[in-house]
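All ligand and atom numbering here is 1-based and tracks the order in the structure.
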Amino acid sequence: MNEILELAEKLVKQQNLTDRELYRLIEERDEETGKYLEEQAGKMRRLYYGNQIYIRGLIEFTNYCKNDCYYCGIRCSNRKAERYRLSREEILSCCKQGYELGFRTFVLQGGEDLWYDDERLCDIVRTIRNGFPDCAITLSCGERSRESYQALFDAGANRYLLRHETADEVHYRRLHPAGMSFSHRMACLRQLKEIGYQVGCGFMVGTPGQTIEHLVRELRFLQSFRPHMVGIGPFLPHRDTPFREEAGGTAELTLYMLSLIRLLLPKVLLPATTALGTAAGDGRERGILAGANVVMPNLSPVSVRKKYMLYDDKICTGEESAQCVGCLSRRIASVGCEIAVSRGDSLMQ
Ligand code: 5AD
Ligand code: FES
C-alpha cells in the first residue's frame with residue numbers, strides 16, 4: 001500500500017488536503033504518485049478546456065530594469081546585458097505579425113523600465129487597442145503605482161502578469177535586495193485585481209532557499225488569492241548573477257507542482273513555460289500532460305531575443321515567430337491537443 005498515493009487520491013476526491021498532508025505529498029513524492037497526479041490533472045484540464053491550448057504572443061519590449069533581483073539576468077547590476085527598448089512601431093509590427101499567425105492575446109513583457117512612463121505606455125496600449133480591437137492586451141512590466149495600473153487599464157489593457165516569486169516574506173528577502181518588498185508586491189497584485197484586470201501571479205520552483213514548506217505556502221496563497229493565471233517554471237541560474245553557482249529547479253518538481261495547481265484550482269489558466277522547456281527538451285509537452293493549458297510563444301524581433309536572457313540557455317532565441325508557432329503546434333499535437341483560436345479568457349470568476 002502506497003500512503004503517498006492514497007494522499008493523492010484524497011486530494012483528488014476532496015480537492016484539498018491539510019498542510020501536513022500537502023507537505024508529505026510533495027516531500028515523499030514517488031513516480032507512481034506523480035503519474036497518478038498527472039493523469040488526474042490531465043483529466044481536469046480536459047474537463048474544463050477539452051484539448052484546447054491557448055497561445056499568448058510574448059513581446060519582450062525592454063530589457064532595461066531598475067531592479068536587482070539576485071536570480072535575474074537582466075538585473076540592473078548586470079553590466080554585460082546589452083540593453084534595448086522596442087519602439088511603438090516595432091511593438092505594433094510584432095502584434096501585426098502575431099495577429100496574422102493567429103494570436104488574439106499579446107503579452108507586453110519587460111523589465112521595470114521607467115522610460116516607459118504612463119504617457120508612453122498608455123499610448124502604446126491605446127494604439128494596440130485601436131489596431132486590434134478583438135485582442136486581449138496583457139501587461140507584464142512589474143510594480144507600478146495604482147494610478148498607473150488604472151491608467152493602463154483605461155487605455156485598454158485587460159490582463160496583468162506579476163509573479164509574486166515566493167509567497168514567503170523571509171524567502172522573498174533571500175531573492176531580492178533590500179529596496180524591494182514582499183508587501184509592496186502583494187499590494188500590487190491586490191490593486192490589479194481591484195481595478196478589474198485578469199491577474200496572473202506565480203513563482204519559481206527550486207530557487208535558492210526554497211523548502212517544501214514554502215511550496216505548501218505557495219499552494220495556500222494561490223487558493224486564497226485566486227488568480228486567473230498561474231505562471232510557474234524552474235529557477236535556472238544565469239552566469240552573470242549572484243546565483244550563478246546555485247542549483248537550478250527541476251522539470252520533475254515543476255511538473256508535479258503544475259498537477260497540484262491544476263487539481264486545487266481546476267479552472268485556472270496554467271502556462272507550460274519557456275523555463276520548463278529550457279530545463280527539459282520536452283518540458284512544455286510534459287507540462288501540458290501535467291495539466292497546463294497555455295503556451296506563450298515568443299513574438300519578439302529575433303534581433304533582441306538573445307538580449308532578453310533571464311537565465312542561461314533560454315530556448316527559442318534564434319527562431320522567427322512563425323517558426324516558433326509551427327514548432328509549438330507540432331509539439332501540442334504530439335500530446336493530443338490543438339491550438340485554440342479564441343482569446344481564451346479565464347473561466348475563473
Ligand atoms: N530562472 C527562471 N525564471 C526566472 N525569472 C527571472 N529570472 C529567472 C531565472 N533565473 C522569471 C521570474 C519573472 C519571470 C518574468 O521570469 O519569475 O517573474
Ligand atoms: Fe520556439 Fe520551438 S517553440 S522553436
Give the residue and atom name of whichever protein heavy atom lies nearest to atom 13 (C) of ligand 1, and the separation in Å to one decimal. Glu165 OE2, 3.4 Å
Check each atom of ligand 1 against the heavy atoms of Cys72 and keep those under 4.0 Å away; list them by number with element. 7 (N)
Parallel, tilted or perpendicular, judged at 30° and 60°: which one describes the rings of Phe61 and Tyr116? perpendicular
For atom 7 (N) of ligand 1, grab the closest protein heavy atom and report residue, atom and distance to one decimal in Å. Tyr71 CD1, 3.4 Å
Compare Leu276, Leu310, Leu58, Thr166 and give the one whose heavy atom is closest to atom 15 (C) of ligand 1. Leu310
Does ligand 1 have an atom under 4.0 Å from some heavy atom of Pro234? yes
Using heavy-atom distances, let me know which of Arg244, Arg163, Met204, Glu246 sits nearest atom 14 (C) of ligand 1. Arg163
Looking at Arg159 and Asp345, is any side-chain nitrogen of the basic one under 4.0 Å from a carboxylate oxygen of the acidic one? yes
Once the angle between the rings of His164 and Phe221 is folded into 0 to 90°, is it parallel (under 30°), tilted (30 to 60°) or perpendicular (over 60°)? tilted
Which ligand 1 atoms, with their elements, are less than 4.0 angstrom from a heavy-atom of Phe235? 1 (N), 2 (C), 10 (N)
Separation of Tyr54 OH from Thr105 OG1 (nearest 0.5 Å): 10.0 Å
Compare Asp312, Leu236, Thr241 and give the one whose heavy atom is closest to atom 9 (C) of ligand 1. Leu236
CD1 (Ile232) and CG (Leu276) are apart, to the nearest 0.5 Å, by 8.0 Å
From the options Arg173, Arg217, Arg174, select the one residue that forms a salt bridge (Lys or Arg N to Asp or Glu O under 4.0 Å) with Asp168. Arg217
Step-by-step ring pair (Phe, Tyr, Trp, His ring centres under 6.0 Å) determination, Phe235 to Tyr71: CA-CA 8 Å; Phe235 157 70; Tyr71 47 82; 7.3 Å; no
For ligand 1, note which part of Ser140 has a heavy atom under 4.0 Å away: side chain, backbone, both or neither. neither
